[in-house]
Amino acid sequence: GSRVAWGVNGRPGTSSERPGPSQSRCVPLASLRGGGRIRKEMGGEWNGGGEGACCCQHQAPPLTLQVTLNPAPPPNPPAARRQRSEAATAMEERPRAQPGAQPAAAAPSGSLLNGLLHNGFHTPPLLRQEPPVPGHGSPAKKCRLRRRLDSGRRNRPPFPWFGMDIGGTLVKLVYFEPKDITAEEEQEEVENLKSIRKYLTSNTAYGKTGIRDVHLELKNLTMCGRKGNLHFIRFPTSAMHRFIQMGSEKNFSSLHTTLCATGGGAYKFEEDFRTIADLQLHKLDELDCLIQGLLYVDSVGYNGQPECYYFENPTDPEQCQKKPYCLDNPYPMLLVNIGSGVSILAVYSKDNYKRVTGTSLGGGTFLGLCCLLTGCETFEEALEMAAKGDSTNVDKLVKDIYGGDYERFGLQGSAVASSFGHMMSKEKRDSISKEDLARATLVTITNNIGSIARMCALNENIDRVVFVGNFLRINMISMKVLAYAMDYWSKGQLKALFLEHEGYFGAVGALLELLKMPENQ
Amino acid sequence: GSVKAAKIFPWFGLDIGGTLVKLVYFEPKDITAEEEEEEVENLKSIRKYLTSNVAYGSTGIRDVHLELKDLTLCGRKGNLHFIRFPTHDMPAFIQMGSEKHFSSLHTTLCATGGGAYKFEQDFRTVGDLQLCKLDELDCLVKGVLYIDSVGFNGDSECYYFENPTDSEKCQKLPFNLENPYPLLLVNIGSGVSILAVYSKDNYKRVTGTSLGGGTFFGLCCLLTGCSTFEEALEMASLGDSTKVDKLVRDIYGGDYERFGLPGWAVASSFGNMMSKEKRESVSKEDLARATLITITNNIGSIARMCALNENINRVVFVGNFLRINTISMRLLAYALDYWSKGQLKALFLEHEGYFGAVGAFLELLNSA
């Protein structure tokens, strides 16, 4: 095949060297059972490791502080605006983070608060630190402020702000909708920018296949000094050409905005973007973006709720509970990204990770095999069938071969010895249902991923395994299978963790990369 | 020196697996006229039945090409025969044992594999036979070491592939396994077990996977309508898996250089099959090929991870999944070499799936 040019600013993280032994790690869970620990407050009082170490199993959401300090939406701005200082006035109009805030350096804005609050580890460099908002002062002071804020503004890329992840099956798009647009800004806003904003935010479906995951919307985020909501949109990669066509029709290129894109499609469709829509993509590595996106979303939390969770009692339908997990000290962690295929990363710090391995038996395999075996056409259909099926009619279990357990090597009779192993028998083929086949496919692929992840965790000496990617979207069965398998086969040493924003981290990472770019780039 | 107590004939080793029963039978070639006179009728008839046929009933098969000639065991000289039949026909086999009064021979029947446990009671109640049950992995290791030590009628039991992906230049070459330890042993039957073998008495089961030969066979039957392993392999040999699988180049438009993934590598097995258009354009042969490649690559990948973890650089693949399955063997050879950058070597053994039965047979000869 043709070579793909690598033209993106390299990021560290490709080292295959193991990091030194001094990474702070979560205290093994066994020692913390039954204890809860509330996160300490902001401002440098957080102990990174040791006594303050995490792995806590909170009952209460750990981000209550952030919730109370999120300011109310801005009041209606006054009518008259001075032309030049629209940024300054916009800043003044934005409510203080805390009522009765002190002048000079003291009154932190929303973004600064986010920076301090996020998790106790150092401020992510991707969030802009705003210059302090002064109190009302002399005209000279306001003039200085305006100049400072003007230069601040040059550190922001122009709207719209998108992050895009073009995967093997799905395109994931995150869009930042500014909610602090002043009347003046709105007046100046070019038509197609406004129409994009309205189109995206007033619909939850786009065309025949585009969907906005409203439940995932992150509200009241402050990014680069702007306040707004982050929206999460997806559509099949097979509709990519239609998307590019739309970008061309809506004259997206006239907005002169950079389009940050990751995933294989950023390379595959780069030329199409250029020739059809006159758009230059800024290509980014998908695994870099995945990690940065994950760390960011976990740090800001999910509208006050935790982003990260696990399952307690995964195999007991009565007792099984989704519980929040505090990922304050995330390193080291094993990150298993299950998309069309699977990548497994060992993450040692925010800038240091390695791709341990991968497997081609991923979400695409599940969907592809299901379509062939059952005649279904969508992921949702496949999952629905799987929910009703019984894989033990399809799989050959240890007890089918041994008549019971294979005790010598600790293999329970109920363990699968040979996936689809019964299907060599015509009699059995005639007796199973499509639902059984769907279930067996789901369980086979899921268990294989779990098994490989477990081997990696063992080899890398990491005890937390975070599963992400759209294979897990609305896929409770797989999540519980993974949770159980990790726990069972490791005899309680490993913990399976999950994140609410599942498959969107790459796109978020791409957006974050955009926000690092100054306006004139 | 001491002489081992003469073991009563017939000498069998039985490995009752998830899909196939493997039977090894020692045919004595040094029977004296006197011995022959004394030989009881049913023992003689067993001997003649087994050695003068190559097929038994409608599903039993003797792999003549694997016969080991002129072996000397326990002071007796003879040939070792290798016979297989589907586990599905086990009840008929036990029935036959009952009809031929096998139990009157008072011989011990050494059996391994899951079926030694599963069918133990049937053997007793229907065939009046007491099985001596042995662990399948113990037998596997012992069987491998023994067969490799006696060699294959003067040729090498162990081999590897040079230039595995080049149809013209691909060569099967002998490999000397004299210093076998440590060894990673990957047994691909219905399912897969992976063992690290450190010495003849010291091994551990590292892990396993349920995506084995049974998965390939079962999925093929479902996807293509075939009904035998041979059919499935034949279809696979005619198909093109790249129509079915989504490759790295299908997603990236080329290589994913950053992490060393070439464009031809599979990113998502069966990943093209979510598209109705593509489903309608592939053949059954393509599906069979994709199933074979998927299962084989997955096993290779897991084996590679284990070899890395265990710090072992020789990986021996055995089990009946590889019987007449040159595609998988060459793929394993290539994949292991490629993804390990030449650090790992894939090895194969001629007697593939029979080592458990040989190990059970050896245990018979060892017992007092």
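Each chain gets a letter, A, B and so on, in the order its sequence line appears, and its residues count up from 1. From a predicted model like this one, the values you see are computed outputs, not experimental measurements.
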Side chain, backbone, both or neither: which part of B:Ser190 has a non-hydrogen atom closer than 4.5 Å to chain A? both
With respect to chain B, which residue among A:Glu270, A:Lys428, A:Met424 yields the maximal number of heavy-atom pairs within a distance under 4.5 Å? A:Met424
Are the side chains of A:Arg439 and A:Met385 in contact, using a 4.5 Å heavy-atom criterion? no
Looking only at side chains, do B:Thr112 and B:Asp15 share a donor and an acceptor under 3.5 Å apart? no
Measure A:Glu271 against the heavy atoms of chain B and call it side chain, backbone, both or neither at under 4.5 Å. neither
Can you check whether A:Thr392's main-chain N or O pairs, donor with acceptor, with A:Asp395's side chain at less than 3.5 Å? no
Proximal component of B:Arg279, with respect to chain A [non-hydrogen, under 4.5 Å]: side chain
If we define contacts as heavy-atom pairs under 4.5 Å, which of A:Lys426, A:Glu286, A:Met455, A:His422 has the most with chain B? A:Glu286
Please identify, among A:Ser418, A:Gly364, A:Ala382, the residue contributing the most non-hydrogen atom pairs under 4.5 Å to chain B. A:Ser418
Among B:Phe217, B:Trp339, B:Trp264, the residue with the most heavy-atom pairs under 4.5 Å to chain A is B:Phe217
Name the member of B:Gly115, B:Gly17, B:Gly18, B:Ala116 that forms the most heavy-atom pairs with chain A at distances under 4.5 Å. B:Gly18
Given a strict heavy-atom distance threshold of 4.5 Å, which part of A:Leu287 is in contact with chain B: side chain, backbone, both, or neither? both
Are B:Met90 and B:Val21 side-chain neighbours, meaning at least one heavy-atom pair lies under 4.5 Å? yes
Whether over 12 other heavy atoms sit under 6.0 Å from B:Glu234 CD: no
Go through it in stages, so that I can follow the logic: the residues are A:Glu380 and A:Arg473, the test is salt bridge (charged side-chain N to carboxylate O under 4.0 Å, His left out), and I'd like the CA-CA distance, side-chain angles, deciding distance and then a yes or no. CA-CA 9 Å; A:Glu380 287 77 4; A:Arg473 186 179 70 85; 2.5 Å; yes
Can you classify the ring geometry of A:Phe409 versus A:Tyr406 as parallel (below 30°), tilted (30 to 60°) or perpendicular (above 60°)? perpendicular
Contact origin within A:Thr444 toward chain B - heavy atom pairs under 4.5 Å: both
Among B:Ser227, B:Gly189, B:Gly214, B:Ser301, single out the residue with the greatest number of heavy-atom pairs under 4.5 Å to chain A. B:Gly214
Whatever's closer than 4.5 Å to a heavy atom in chain B on A:Lys396 counts as side chain
By a 4.5 Å heavy-atom criterion (distance strictly below it), what part of A:Thr359 contacts chain B: side chain, backbone, both, or neither? both
Highest number of heavy-atom pairs under 4.5 Å with chain B: which of A:Pro236, A:Gly403, A:Gly264? A:Gly264
Using the ring centroid of each side chain, check whether B:Phe119 and B:Phe123 are separated by less than 6.0 Å. no
In terms of heavy-atom pairs under 4.5 Å with chain A, which of B:Ile302, B:Thr207, B:Asp135 leads? B:Asp135
Heavy-atom distances under 4.5 Å only: say whether B:Thr294 touches chain A with side chain, backbone, both or neither. both
Check whether B:Cys306 gets within reach of chain A through its side chain, its backbone, both or neither, counting any heavy atom under 4.5 Å. side chain
Does any heavy atom of chain A fall under 4.5 Å from the side chain of B:Glu120, the backbone, both, or neither of them? neither
Would you check if there is a donor-acceptor pair between the side chains of A:Glu407 and B:Tyr117 at a distance under 3.5 Å? no
Determine the option with the most heavy-atom pairs under 4.5 angstrom with chain A, choosing from B:Arg304, B:Met273, B:Lys278. B:Met273
Min side-chain heavy-atom separation A:Arg408-B:Arg205 under 4.5 Å: no
Most contact-rich option vs chain A, by heavy-atom pairs under 4.5 angstrom, among B:Val266, B:Leu223, B:Thr87, B:Leu222, is B:Leu222
By a 4.5 Å heavy-atom criterion (distance strictly below it), what part of B:Leu287 contacts chain A: side chain, backbone, both, or neither? side chain
Mind running side chain to side chain contact (heavy atoms under 4.5 Å, CB included) on A:Leu334 and A:Leu345 for me, showing each step along the way? CA-CA 6 Å; A:Leu334 199 76; A:Leu345 322 182; over 6 Å; no
Do the side-chain N and O atoms of B:Ser210 and A:Ser419 include a donor-acceptor pair separated by under 3.5 angstrom? yes
With no hydrogens and no angle check, do the side chains of A:Asn448 and B:Asn298 hold a donor and an acceptor under 3.5 Å apart? yes
